[in-house]
Structure formats: structure tokens, C-alpha cells
Amino acid sequence: MAEGFVPAYRKLGLEALRRRAGEAYRQLKRCELCGRRCAVNRLLDETGVCRAGRRVLISGYGPHFGEEAPLVGEHGSGTIFLTYCNLKCVFCQNYDISWEGGGDVVTGRELADIMLALQKRGCHNINFVSPTHYVPQILAALYLAARRGLGVPLVYNTGGYDSQETLKLLDGIVDIYMPDVKYMDPEVARRLSGVEDYPAVVRAALREMQRQVGDLVTDRRGIATRGLLVRHLVLPGGLAGTAALVDFLAAEISPNCFLNIMGQYYPAYRARRFPPLDRRSTKEELRAAIQLARDRGLRVYT
Ligand code: SF4
């Protein structure tokens with residue numbers, strides 16, 4: 001990282017980080033880490049909708065060059081792909097990991113080793129993909145890694161269905177929030193992910209994330225050091241609710257909000273049973289979504 005950079009979790013201090021990890025672990029006793037609020041005791045390895053228990057599973061890790069340029073820089077984003085997901089999207093492009101549980105168990109020490117190895121390889125950040133259901137375990141591993149010299153920013157790369165309690169646990173720890181906002185209509189969210197309250201939960205999450213970290217900030221090399229980076233996949237037939245999202249971001253989050261409008265949708269998993277998800281998004285749909293965001297003055301990344 002740029003000289004003098006100190007990530008949020010190091011400013012917080014090791015003792016506070018240790019306490020926060022302990023506080024987070026206690027929440028596993030009655031898991032309400034996400035909007036599903038299953039209330040299962042994951043310390044006893046009971047599982048809820050996401051199917052994650054006490055132990056962490058990851059499906060892979062490494063420097064990743066397919067993320068947004070401010071995360072990738074020269075040496076890549078240090079991405080760690082976590083197994084299972086609290087959202088159950090019918091069009092999931094990683095369903096073997098998120099639904100079927102592909103991956104290997106790692107201990108907290110091993111997770112800390114991975115973070116440090118990614119830093120050693122020059123990655124500009126540690127990027128946890130689908131982290132919500134493992135926040136307590138991530139914080140415990142982060143404490144171990146910070147003790148051993150971890151010093152790059154933490155990216156929280158989430159589907160956005162995080163409870164407020166979970167986000168409070170991350171306050172002063174996460175440097176970069178990267179929620180992927182999927183829908184803005186409750187009926188669409190119910191049909192495609194089984195979570196009717198997704199729009200309400202993600203709106204509240206975006207407000208809290210912006211309160212914690214503010215607009216996206218980059219260093220003189222253009223590498224992100226802090227802030228909110230919103231992702232939004234354009235679904236066919238306007239299902240993603242782009243107009244409502246950009247209105248919300250401009251009016252209630254920030255006119256300078258950094259928004260990546262993504263056009264790579266293709267029908268995966270069970271999508272063919274849910275028209276119009278049985279086709280790709282068209283170039284016109286993508287263009288229209290980008291235009292909507294530009295019209296609101298957002299910092300649009302494509
Ligand atoms: S993280 Fe998993 S177990 Fe916990 S509330 Fe969400 S879906 Fe349920």
C-alpha cells in the first residue's frame with residue numbers, strides 16, 4: 001500500500017479487534033447475521049438457510065484481476081471465496097459453491113495465513129467474497145493476521161443482505177464495502193432469491209455502509225483505500241430495478257457514489273425456468289441502465 005496507509009482495523013487496535021471478534025462469536029449462538037434471522041445455534045453446528053455451521057469453508061483464494069480497477073491495481077485483489085451464501089438466487093453463477101457447498105474447511109489460523117500470503121504476493125487488499133455468514137470467524141482470523149502484520153485494506157464483498165447488527169460489528173474494521181445490489185422490488189426479490197424484504201434490508205445496509213466509510217477514496221496510484229463501491233448486475237427485463245436504485249443512491253447515499261453497472265448476466269443454474277432470466281441482458285438494456293445512472297450524476301464504472 002501507499003506509504004503511511006493504515007487500514008481501519010489497525011487504527012482500531014488489536015485489543016479492540018479481539019474483543020469485537022469475541023462479541024461476534026457470541027452472536028453465532030443465535031445466528032441473525034443476515035436478514036434471514038434463522039436464530040440457529042451455529043456454535044453447536046446447527047445450520048440455517050445458508051447451511052454454514054461453526055467452521056469456515058472456502059472454495060479458493062488468490063490474486064484476482066477481474067475486479068474493478070481500483071481494487072486490482074498492479075498486483076491484483078487478494079480474493080478469498082467463501083463457501084455457501086445467505087441469498088439463494090435462482091440464477092447464481094457460482095451455485096456449486098453457494099448452494100452445493102463446494103470447498104474445504106479452514107481453521108482461523110489457516111485463514112490468517114492465507115491473508116498474509118496474499119499480502120506477501122503484493123495484493124492491494126483482502127477481498128472476502130460472500131462473507132456475511134462468516135463474519136465472526138473472519139474477525140477472529142483477522143485478529144490473528146493483524147497481530148502478525150497484516151496491513152492492507154479489507155474489502156467486504158457482499159450480496160447486501162446483511163443485518164444491521166452484523167454491519168455494526170464491522171464498524172471501524174472494514175475499509176471498503178462492496179455490496180452487489182440485486183433488486184429493488186420485494187416481489188422480484190421473493191421470487192428470485194426467496195427474500196421479500198431484500199430491498200428494505202439492502203437500503204438500510206447501504207445507509208450504514210456509507211455512514212461508516214463514505215465515498216470511495218483512491219490513492220495517487222488510483223488504488224482504493226476506503227469507501228463504498230456499489231455493484232449492480234443488469235438483469236433481463238428490468239428485473240434488477242436499476243431506476244429505483246440509482247434514484248436511491250443519488251438522493252440518499254451520495255451524489256458521488258461509485259457504481260459499477262455490470263452487463264455479464266447469463267442464464268445459469270435454474271434461471272431458464274424463470275423467464276425473462278432465460279436470456280442474456282441485451283446491449284440496449286445495459287446502455288439504458290448506464291444512462292440512468294449517468295443522468296443521476298453518479299460515478300459510473302462499466
Ligand atoms: S447467516 Fe445463515 S444461519 Fe445466519 S441468519 Fe443468515 S442464513 Fe441464517
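One-based numbering, in listed order, for ligands and for the atoms of each.
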TODO: Output the list of atoms in ligand 1 that are nearer than 4.0 Å to some heavy atom of R37, sorted by atom number.
DONE: 5 (S)

Open item on the list: One thing to verify: whether D197 and R190 come together as a salt bridge, which I'm taking to mean a side-chain N less than 4.0 angstrom from a carboxylate O.
Closed with: no

Open item on the list: I'd like to know if the side chain of H124 reaches the main chain of V152, judged simply by a donor and an acceptor atom lying under 3.5 Å from each other, with no hydrogens or angles considered.
Closed with: no

Task: Shortest protein heavy-atom distance from atom 2 (Fe) of ligand 1, along with the residue and atom involved - done: C50 SG, 2.3 Å

TODO: In plain terms, say whether E23 and R19 are close enough for a salt bridge, that is, a side-chain N and a carboxylate O under 4.0 Å apart.
DONE: no

TODO: Inspect the contact between R287 and E285 and indicate whether a charged nitrogen and a carboxylate oxygen are less than 4.0 angstrom apart.
DONE: no

Task: atom 4 (Fe) of ligand 1 contact by C31, N, O or S atom under 2.8 Å - done: yes

Task: Geometric class of the F91/Y183 ring pair [parallel <30°, tilted 30-60°, perpendicular >60°] - done: perpendicular

- [ ] Please write down residue, atom name and distance for the protein heavy atom closest to atom 6 (Fe) of ligand 1.
- [x] C34 SG, 2.3 Å

Open item on the list: Looking at atom 2 (Fe) of ligand 1, is there an N, O or S atom belonging to C38 that lies under 2.8 Å away from it?
Closed with: no

- [ ] Establish, for the pair R203 and F248, whether the NZ or CZ atom is under 6.0 angstrom from the six-membered ring centre and no further than 45 degrees off its axis.
- [x] yes

Task: Atoms in ligand 1 flagged as close to R36, the criterion being non-hydrogen separation under 4.0 Å - done: 7 (S)

Task: Numbered atoms of ligand 1 (with element) below 4.0 Å of H133, judged on heavy atoms - done: 1 (S)

